[in-house]
Amino acid sequence: MKGKKLGWGLLYGALCLAPLVATAVMVGWFLPDTIPAHYGVSGQVDRWGSKYECFVLPGITFAFGALMLLVAWGASRSKKEDAQKGLKATLIIGAVGLLVFDAMTAFFLYTSWAKVEDLGKMPEGSIRWLLGMIPVFLIVAGALMPRLKRNYWIGVRTKWTLQSDAVWEKSQRFGGKAFVVAGVLCLVGMFLPPAGMFAVFILSVGAAAVASIVYARREGLKEQSGKTDHV
């Protein structure tokens, strides 16, 4: 068990620190003082900024990794028999999420170094490869959501799921399926033109989120109604 904890700790440490170290090296020696700071829907630069803005994403990455470790620590303290499943699911979701953040950091460090003004002129498939990691994350996270233990940070979190283990478990199963479907649709959308691809991303993920919240509310109200009937 200690060996597994050490392994996960080393993995998270590497995934959290690598973007910070890479960004520090790039900012210190390679990046120009002014870099493309934001791109519009057209893929054109619409704002230039300081090279030190490159630390924002690695900072978010580090915070995300710390949060997932905190959630995992909470899951490990549960005395339920399936607590280890919840712990492992949390750690895997966090690791895949960190990989996505790390890839995004590498991508934006490159566009900053090359001073890319038009993302449409990037090497063929580079942006699709980066965006393709998001549906993979959705599929992995969705598949593991039913194993998550009740918490305030990840999963389908509403007042109904946080008040009841039964509603939590039902909602995570439903939400997990919804986000797997959304991930598959996003993968299919990768073959569409950019406008269609982004539309599929937004609509499918939004629909999965809304459907999960509506389902959780329905199950929560059903449980409350059942308790009232028995009083």
Legend entry - Cluster check Phe201, Phe179: I/L/V/M/F/W/Y, side chain < 4.5 angstrom: yes
Inset, instruction - Give, for atom CG of Leu57 and atom CE of Met104, the distance between the pair rounded to the nearest 0.5 Å. - result: 5.0 Å
Inset, instruction - Answer yes or no: is there a side-chain heavy-atom contact under 4.5 Å between Trp113 and Met26? - result: yes
Legend entry - Euclidean distance, Leu138 CG relative to Met145 CE, rounded to 0.5 Å: 10.5 Å
Inset, instruction - Return yes if some donor-acceptor pair links the side-chain N/O of Thr111 with the main-chain N/O of Phe108 below 3.5 Å, else return no. - result: yes
Legend entry - Connected via hydrophobic side-chain network under 4.5 Å: Phe198 and Phe137: yes
Inset, instruction - Considering only NZ, NE, NH1 and NH2 on the basic side and carboxylate oxygens on the acidic side, decide whether Glu53 and Arg47 come within less than 4.0 Å. - result: yes
Legend entry - Minimum heavy-atom distance between Gly59 and Leu20, given as atom pair plus value: N-CD2, 4.3 Å
Legend entry - Residue pair Met190 / Trp129, side-chain heavy-atom distance below 4.5 Å: no
Inset, instruction - Heavy atoms only: give me the nearest Ala208-Ala182 pair and the separation to one decimal. - result: CB-CB, 4.0 Å
Inset, instruction - Would you check if the side chain of Tyr12 reaches a backbone N or O of Leu98 as a donor-acceptor pair within less than 3.5 Å? - result: no
Inset, instruction - Would you sort out whether Val116 and Lys121 count as a side chain to side chain contact (heavy atoms under 4.5 Å, CB included), showing the intermediate values? - result: CA-CA 8 Å; Val116 176; Lys121 296 181 179 179; 5.9 Å; no
Legend entry - Contact summary for Ser112 and Pro36, nearest pair of heavy atoms: CA-CD, 4.0 Å
Inset, instruction - Using a 4.5 Å cut-off on heavy atoms from C-beta on, say whether the side chain of Lys170 contacts that of Tyr215. - result: yes
Inset, instruction - Verify the cluster assignment for Ile92 and Phe101: are they in a single hydrophobic cluster under the rule of side-chain heavy atoms below 4.5 Å apart? - result: yes
Inset, instruction - State, yes or no, whether a side-chain contact exists between Gln224 and Gln163 at a heavy-atom distance under 4.5 Å. - result: yes
Legend entry - Value rounded to 0.5 Å, distance of OG1 in Thr61 from CG in Asp102: 6.0 Å
Inset, instruction - Check whether Phe174 and Val167 end up in the same hydrophobic cluster, where Ile, Leu, Val, Met, Phe, Trp and Tyr are linked by side-chain heavy atoms less than 4.5 Å apart. - result: no
Legend entry - Closest non-hydrogen atom pair between Thr90 and Met68, with its separation: O-CE, 3.4 Å
Legend entry - Short side-chain to backbone donor-acceptor contact, Arg157 and Tyr152, under 3.5 Å: yes
Legend entry - Shortest non-hydrogen contact between Cys16 and Phe62, atoms and distance: CB-CD1, 3.9 Å
Inset, instruction - Give a yes or no on whether the backbone of Asp118 and the side-chain of Tyr39 come within a donor-acceptor separation of less than 3.5 Å. - result: no
Inset, instruction - Could you tell me whether the side chain of Thr158 reaches within less than 4.5 Å of the side chain of Arg217, counting heavy atoms only? - result: no
Legend entry - Neighbour count above 12 (heavy atom, 6.0 Å) for Trp48 CH2: yes
Legend entry - Leu91 vs Leu69 side-chain heavy atoms within contact, under 4.5 Å: yes
Inset, instruction - Drop me the distance from Lys51's NZ to Asp33's CG, to the nearest 0.5 angstrom. - result: 4.5 Å
Inset, instruction - Could you check Phe107 against Met122 for side chain to side chain contact (heavy atoms under 4.5 Å, CB included), going step by step and ending with a plain yes or no? - result: CA-CA 11 Å; Phe107 179 83; Met122 291 284 289; 3.4 Å; yes
Inset, instruction - Please round to the nearest 0.5 Å and tell me the distance separating atom CG of Leu185 and atom CG of Leu203. - result: 10.0 Å
Inset, instruction - Please work out whether the ring planes of Tyr52 and Phe55 are parallel, tilted or perpendicular, with thresholds of 30° and 60°. - result: parallel
Inset, instruction - Evaluate the criterion side chain to side chain contact (heavy atoms under 4.5 Å, CB included) for residue pair Ile134 and Cys186; output intermediate values, then yes/no. - result: CA-CA 8 Å; Ile134 297 175; Cys186 288; over 6 Å; no
Legend entry - Val71, Leu87, Val156, Ile93 screened by side-chain contact (heavy atoms from CB on, under 4.5 Å) with Leu148, the one that passes: Ile93
Inset, instruction - With the side chain counted from C-beta on, respond yes when Arg150 and Thr161 share a heavy-atom pair under 4.5 Å apart, and no when they do not. - result: no
Inset, instruction - Supply the atom-to-atom distance Leu10 CG to Leu15 CG, rounded to the nearest 0.5 angstrom. - result: 11.0 Å
Legend entry - Val205-Leu187 co-clustered via ILVMFWY side chain contacts under 4.5 Å: no
Legend entry - Which atom of Val200 lies closest to which atom of Gly189, heavy atoms considered: CG1-CA, 4.3 Å
